[in-house]
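Data first, discussion second: the structure below is written as structure tokens.
Please read all numbers here as calculations on a predicted model, not as lab measurements. We count residues from 1, following the sequence as given. Counting starts at 1 for both ligands and their atoms, in listed order. The figures here come from the full heavy-atom set of this structure, side chains too, leaving out hydrogens, waters and symmetry mates.
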Amino acid sequence: MAYRDLREFIKVIENKGLLMRIKAEVDPILEITEITDRMCKSQMGGKALFFEKVKGSTFPVVTNLFGSFERMCLALEVVELDDIGRRIENLLTQTPPKSLIEKLSLLPKLIEFSKYFPRCIKNAPCQEVVERENPDLSKFPIIKCWPHDGGTDDEGRFITLPMVFTKDPETGRPNCGMYRIHVYDKNTTGMHWHIHKDGAMHYAKYKKIEKLMPAAIAVGGDPAVIYSSSAPLPESIDEMLFAGFLRRSPVEMVRCVTSDIEVPAHCELVIEGYLDPRETRIEGPFGDHTGFYSPAEPYPVFHVTCITHRRDMIYPATIVGKPPMEDCYMGKATERIFLPLVRLDFPEIKDMNLPMEGVFHNFAIISIKKSYPGHAKKIIHGLWGKGQMMFAKLLIVVDDDVDVQNLSYTAWRVLNNVDWKRDTVFSDGPLDALDHAANWPRYGAKMGIDATRKTREEGMMRDWPEELFMSGEMKKLVDSRWKEYGF
Ligand SMILES: Cc1cc2nc3c(=O)[nH]c(=O)nc-3n(C[C@H](O)[C@H](O)[C@H](O)COP(=O)(O)O)c2cc1C
Ligand SMILES: [Mn+2]
């Protein structure tokens, strides 16, 4: 049974002992971060935290909701994250004309067959309270995460778990992306969609037609909806359709009070407004999920025209910073959910691991069933051409007998197998906007490493050595005598 909203999910994790209520008053400025960060760094991601009394606001704050594998699985209602990958794989193989499904862009057609399209309703809980006259963000417990957030002349408050809804002005297609929101004052914010993201593409189209762009920022909602806004879906797939697929029930939407944008009806808070494509303003700095501050840079500006919310709104926030943090588990969910989609284009891929330390854009390890010379290099180039995999700064490809989830074993195989000149590929190209190592923003070098076994056809002049394994008989013998040795 799908969660209807955030509070149903909160109830479930609370009943399982996975959420802790904090009754003491806390400051949304830095204090919530320090408490939450300690939780994230404790064993297995700690617990979700429900701050009942937040200084300066009547609304409570909840953090670290998705910050463990257990809670991430509960959020998506699966026993393990691979269950979703298997569901997608089934769906893909059920569709008979194989040629039709070769491209990721055809996925909407497949999902279309199922019954998960979002539905519009009229009376929405997120519109219990409507503030059109003097919308004021300052009454909400919006947090300041890290000391230098917002720079020196700014309060540095950011909405960190927002779902930003926009529409393509040409096709009318909706998009929902999680882009952090820098709050400048009671009715003005930044809009930090990186240039590569779908929201930014919609914005570019508005700029071209010289029209104001309506948008809405929704906060809270059932966990599948929140997760989906962070999922790297192709532009053609509506995140709310994907959320419906994940929760096995359509997402109920409602039309905004002041614009033609639809938002999840059961979310907690909706900030409606518009962007003027001629206007930018310095956004950031912000303590980001790389563990460094992302620099202050010009970004579009969002003007608030109306705020709607539940009467007893619960405000969810996430703290990003040095891994492991809550968003690492959202990223791990993405790794598992998107593996079958990557395999649509590259069936030879067996598994992939995006280690948390690489904060997702810095490092990916891929195992493949290698069958021809240069196969690993083809995968490297191929992945650099696929959606948000283009950001992978270091891609390592290993043979399919390497368990890429075992980092120690993988490191041993890679370090022994590589000739650093023959087996490395360097390429220039787009980088994640959060990269700070390249000379320029958003453009720089990536490296691919082919750590597979090399063949003669690949120029290897020697025979590949055999890996050590004990004989089966000796293993059996030692097994049978184990007690006798005195262990
Ligand atoms: C907690 C969190 C914060 C994020 N903040 C941003 C952000 O500020 N800007 C951005 O472009 N992407 C951000 N992302 C990544 C996007 O949500 C992600 O790339 C998503 O696929 C974007 O949706 P889109 O493909 O529809 O543009 C964030 C992700 C998470 C989990
Ligand atoms: Mn999208």
Side-chain angles (χ1 to χ4, degrees), residues 33 36 40 63-67 72 75 104-105 107-108 143 145 149 158-168 171 173-183 189-205 215 217-219 223 225-243 283-291 293-297 299-300 302 316-321 323-335 337-338 341 354 356 359-361 386-392 430-435 441-442:
T33 296
T36 305
C40 295
T63 64
N64 206 20
L65 282 168
F66 305 120
M72 197 65 235
L104 202 56
S105 55
L107 193 67
I143 59 176
C145 299
D149 283 2
F158 285 76
I159 302 172
T160 55
L161 208 59
M163 300 177 274
V164 177
F165 288 83
T166 55
K167 267 188 189 163
D168 183 318
T171 63
R173 223 152 42 197
N175 190 68
C176 169
M178 184 170 287
Y179 320 116
R180 66 149 187 257
I181 300 295
H182 185 167
V183 177
T189 77
M191 185 53 80
H192 188 253
W193 45 46
H194 300 153
I195 191 168
H196 313 104
K197 306 296 173 73
D198 295 340
M201 282 174 206
H202 290 179
Y203 178 76
K205 289 190 179 179
I217 303 161
V219 183
V225 165
I226 298 178
Y227 162 73
S228 296
S229 65
S230 77
L233 292 161
E235 186 274 332
S236 55
I237 299 181
D238 177 4
E239 282 78 8
M240 294 303 106
L241 168 60
F242 192 67
E283 198 275 355
F286 177 71
D288 226 312
H289 79 152
T290 55
Y293 285 98
S294 47
E297 281 187 305
Y299 269 91
F302 179 76
T318 189
I319 311 296
V320 299
M325 283 302 213
E326 179 178 12
D327 63 330
C328 294
Y329 299 92
M330 298 169 79
K332 278 288 165 188
T334 295
E335 174 197 299
I337 292 169
F338 281 76
L341 299 174
L354 309 171
M356 290 181 183
V359 298
F360 301 96
H361 63 262
K386 282 280 142 201
Q388 293 191 34
M389 282 304 281
M390 72 173 164
F391 297 130
L431 293 182
D432 192 291
L434 296 186
D435 173 84
R442 297 175 285 274

Determine whether the side chain, the backbone, both or neither of Gln388 has a heavy atom under 4.0 Å from any heavy atom of ligand 1.
side chain

Say whether Ala433 and ligand 1 are in contact under the criterion: heavy-atom distance to a ligand atom below 4.0 Å.
no

Take Met163 and Val219 through the test side-chain contact (heavy atoms from CB on, under 4.5 Å) and record every step on the way to the result.
CA-CA 6 Å; Met163 300 177 274; Val219 183; 5.9 Å; no

Minimal non-hydrogen separation, Glu283 against Gly190, with atom names
CG-CA, 4.5 Å

For atom 15 (C) of ligand 1, what's the nearest protein heavy atom and its distance?
Lys197 NZ, 3.7 Å

With heavy atoms and a 4.0 Å threshold, my read on which part of Asp198 contacts ligand 1 is both

Please identify which atoms of ligand 1 are closer than 4.0 Å to at least one heavy atom of Asn175.
26 (O)

Side-chain donor or acceptor of Thr160 paired with backbone N/O of Ile319 under 3.5 Å:
no

Given ring pair (Phe, Tyr, Trp, His ring centres under 6.0 Å), test His182 with Tyr299 step by step and report yes or no.
CA-CA 10 Å; His182 185 167; Tyr299 269 91; over 10 Å; no

Applying ring pair (Phe, Tyr, Trp, His ring centres under 6.0 Å) between Phe391 and each of His361, His194, His196, report the one that passes.
His196

For ligand 1, which part of His289 has a heavy atom less than 4.0 Å away: the side chain, the backbone, both, or neither?
neither

Counting N and O atoms only, with roles assigned by atom type, does the side chain of Glu239 sit under 3.5 Å from a partner on the main chain of Cys176, one being a donor and the other an acceptor?
yes

Taking the minimum heavy-atom distance to atom 3 (C) of ligand 1, which of Met178, Met163, Glu326 ranks first?
Met178

Give a yes/no on ligand 1: does Gly331 have at least one heavy atom closer than 4.0 angstrom to it?
no

Are Phe286 and Phe158 an aromatic pair, judged by ring center distance below 6.0 Å?
yes

At less than 4.0 angstrom from any non-hydrogen atom of Gly177, what atoms of ligand 1 do you find?
23 (O)

Check whether any side-chain heavy atom of Trp193 lies under 4.5 Å from a side-chain heavy atom of Val164, and answer yes or no.
yes

For atom 22 (C) of ligand 1, what's the nearest protein heavy-atom neighbour? Residue, atom name and distance, please.
Tyr179 CE2, 3.9 Å

Considering only heavy atoms, does Ala231 approach ligand 1 within less than 4.0 Å through its side chain, its backbone, both, or neither?
backbone

Quick check on contacts: which atoms of ligand 1 are under 4.0 angstrom from a heavy atom of Ser230?
17 (O), 18 (C), 20 (C), 21 (O), 31 (C)

What atoms of ligand 1 come within less than 4.0 Å of a heavy atom belonging to Pro232?
21 (O)

protein heavy-atom neighbour closest to atom 8 (O) of ligand 1 works out as His192 ND1, 2.7 Å

Does ligand 1 have any atom sitting under 4.0 Å from a heavy atom of Glu239?
yes

Is it the case that ligand 1 has an N or O less than 3.5 angstrom from some N or O of Trp193?
no

With distance as the sole test, does Tyr179 use its side chain to make a donor-acceptor pair with the main-chain N or O of Gly199 at under 3.5 Å?
yes

Return yes or no for this condition: an N or O of Arg180 is under 3.5 Å from an N or O of ligand 1.
yes

Ser229 and ligand 1 - part of the residue with a heavy-atom distance under 4.0 Å:
backbone

Under 3.5 Å between some N or O of ligand 1 and some N or O of His194?
yes

Any atoms of ligand 1 less than 4.0 Å from a non-hydrogen atom of Cys176? List them with their elements.
26 (O)

Hey, which protein N/O/S atoms does the Mn ion (ligand 2) have under 2.8 Å?
Asn175 OD1, Asp198 OD2, Glu239 OE2

Could you tell me, atom by atom, which parts of ligand 1 come under 4.0 Å of a heavy atom of Thr318?
1 (C)

